[in-house]
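Report on the following structure.
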Amino acid sequence: MELDPADSVVRPGADDLERAAEAALRPRHLDEFVGQKVVREQLSLVLQAAIGRGRAPDHVLLSGPPGLGKTTLAMIIAAELGTSLRVTSGPAIQHAGDLAAILSSLEENEVLFIDEIHRLARPAEELLYVAMEDFRVDVVVGKGAGASAIPLALPPFTVVGATTRAGLLPAPLRDRFGFTGHLDFYADDELERVLLRSAGLLGVPLAHEAAAEIASRSRGTPRIANRLLRRVRDWAQVRGDGTLSLEAARAALEVYEVDRRGLDRLDRSVLTALCTRFGGGPVGLTTLAVAVGEEPETVETVAEPFLVREGLIGRTPRGRVATAEAWTHLGLSAPTAADTLFG
């Protein structure tokens, strides 16, 4: 049975069930957080300085692809400051009144985490500007010509914004963050450390060779690594002896159709169609999506970013093209120039 891309074990996003599963594996303090060395060091300085002054730190913006630890870092910030964390998201705040209600209920030095902050509604953005800079919110009383704005003072607080598309943030909002950290994809050795730590928390024995195998197929993303670890654990429990060995890891990842480079069924379908049906391209996104039986948005947002990053396909003004590495990965021979022109 084919897997829906939305349910793929290598998608970087997470639903509510996924977040619940992740909660037990999240590090609680900055020194437990694996990877992102530069961001960790910079953030540590910001937090230590704020604690030393006895004041709330500057607002923090965390950007980067999904699954790299932005939410985890927000929780760590609150824990390091010894305060509570209020969690919301940009799509959940569609009216200025929604944000005003959240801001007016914040306590002193509390951390407000806004996930996908680039998706805030424009009226809410404008309200947030004033709240972040002046620690006040204007409450509108009445309607029409008789309406008046009453300024309400807010206690000092820290906004931690997370975004996967920093370029969509309006400049006035971006400028109000005192610290901006960009999270990069993880190296395999960093993912191995993540996996060994997670296996210890889950109470399952994980061989170093198995950790290396899972890490190499995790697309540089801790969320995917932890998800694959749980699937290998399931295989070892049901079909193995409970030990997460190299053989168990390879067998489990074969069941879930994750190959040695982390490509899943959809990724390979896109590559295969591009190479075998269209001679390596160029081909338009819509045509390619029809060929693999998916929506263009699914191909563009789920499969394409990883394939481009891996150097397997390229985007040109005329459409998508397969690279020489894509042909090699599929075990196919790339067409010659003559084949391309006269085939």
Side-chain angles (χ1 to χ4, degrees), residues 13-16 19-20 23 26 43 46-47 50 55-66 68-183:
D15 53 23
D16 291 341
R19 293 188 181 92
R26 293 187 191 276
L43 190 56
V46 171
L47 297 179
R55 301 181 59 184
D58 287 343
H59 304 298
V60 175
L61 177 64
L62 301 172
S63 65
L68 299 186
K70 296 185 293 294
T71 301
T72 299
L73 282 175
M75 295 180 175
I76 287 174
I77 290 171
E80 295 285 351
L81 295 173
T83 186
S84 56
L85 178 72
R86 193 77 61 92
V87 180
T88 187
S89 66
I93 302 176
Q94 293 302 311
H95 305 284
D98 299 334
L99 183 59
I102 295 173
L103 293 172
S104 61
S105 64
L106 290 175
E107 299 178 358
E108 186 172 358
N109 295 329
E110 194 168 8
V111 176
L112 173 62
F113 175 57
I114 306 178
D115 197 11
E116 295 299 302
I117 194 171
H118 64 271
R119 296 177 63 185
L120 276 174
R122 183 55 59 87
E125 278 180 8
E126 295 172 352
L127 182 71
L128 188 59
Y129 298 159
V130 179
M132 292 173 67
E133 191 163 12
D134 300 330
F135 295 107
R136 68 177 175 84
V137 61
D138 295 327
V139 180
V140 178
V141 179
K143 295 182 178 180
S148 60
I150 301 176
L152 176 65
L154 301 174
F157 65 94
T158 299
V159 172
V160 178
T163 178
T164 55
R165 305 181 69 181
L168 296 182
L169 275 180
L173 179 58
R174 188 168 55 247
D175 292 344
R176 282 167 170 77
F177 287 97
F179 170 74
T180 300
H182 179 77
L183 277 62

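Worth saying up front: this structure is predicted, and the values here are computed from it rather than measured.
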From T83 atom OG1 to I77 atom CD1, the distance as rounded to the nearest 0.5 Å = 12.0 Å
Separation between CD of E110 and OG of S105, rounded to the nearest 0.5 Å | 7.0 Å
Can you name the residues that form a ring-ring contact (aromatic ring centres under 6.0 Å, His included) with F157, not counting sequence neighbours?
-> H59, F135
In short, V137 meets A100 closest at the heavy-atom pair CG2-CB, 4.1 Å
Are the side chains of L173 and Y129 in touch, meaning some heavy atoms are under 4.5 Å apart?
-> yes
Here the gap from F179 atom CZ to D58 atom CG, rounded to the nearest 0.5 Å, amounts to 10.5 Å
Given side-chain contact (heavy atoms from CB on, under 4.5 Å), test L99 with L128 step by step and report yes or no.
-> CA-CA 8 Å; L99 183 59; L128 188 59; 3.8 Å; yes
Return the minimal non-hydrogen interatomic distance between E125 and L120, and the atom names on each side.
-> OE2-O, 3.5 Å
Check: M75 and V111 side chains under 4.5 Å, non-hydrogen atoms = no
Chi angles and distances behind the side-chain contact (heavy atoms from CB on, under 4.5 Å) call for L43, I76 | CA-CA 10 Å; L43 190 56; I76 287 174; over 6 Å; no
OG1 (T164) and CG (D115) are apart, to the nearest 0.5 Å, by 8.0 Å
Determine whether V87 and T71 make a side-chain contact, defined as any pair of heavy atoms from C-beta on separated by less than 4.5 Å.
-> no
Indicate whether any N or O donor in one side chain lies under 3.5 Å from an N or O acceptor in the other, for E116 and S89.
-> no
Contacts of R55 that satisfy side-chain hydrogen bond (donor to acceptor under 3.5 Å, both in side chains) - sequence neighbours left out | none
Of all heavy-atom pairs between R86 and I102, which one has the smallest distance, and what is that distance?
-> NH1-O, 4.0 Å
Flag, side chain of R119 to backbone of P91, donor-acceptor distance under 3.5 Å = no
Compare all side-chain heavy atoms of N109 with those of P155 and state whether any distance is below 4.5 angstrom.
-> no
Answer yes or no: is there a donor N or O on one side and an acceptor on the other, between the side chain of K70 and the main chain of G161, under 3.5 Å?
-> no
Around R174, counting heavy atoms of other residues, nucleotides and ligands shown, do more than 12 lie under 6.0 Å from its CZ?
-> yes
For L73 and L62 the tightest heavy-atom approach is CB-CD1, 3.7 Å
Nearest 0.5 Å, what's the CG-CE distance between L112 and M132?
-> 9.5 Å
Roughly how far apart are H182 NE2 and T163 OG1, rounded to 0.5 Å?
-> 11.0 Å
Just by modelled atom types, is the P57 backbone N or O under 3.5 Å from a matching donor or acceptor in the T158 side chain?
-> yes
side-chain hydrogen bond (donor to acceptor under 3.5 Å, both in side chains) partners for T72, two or more places apart = R26
Where L154 and S104 come nearest, the two heavy atoms and their spacing = CD2-CA, 3.9 Å
Heavy atoms of V160 and A74 approach each other most closely as CG1-CB, 3.9 Å
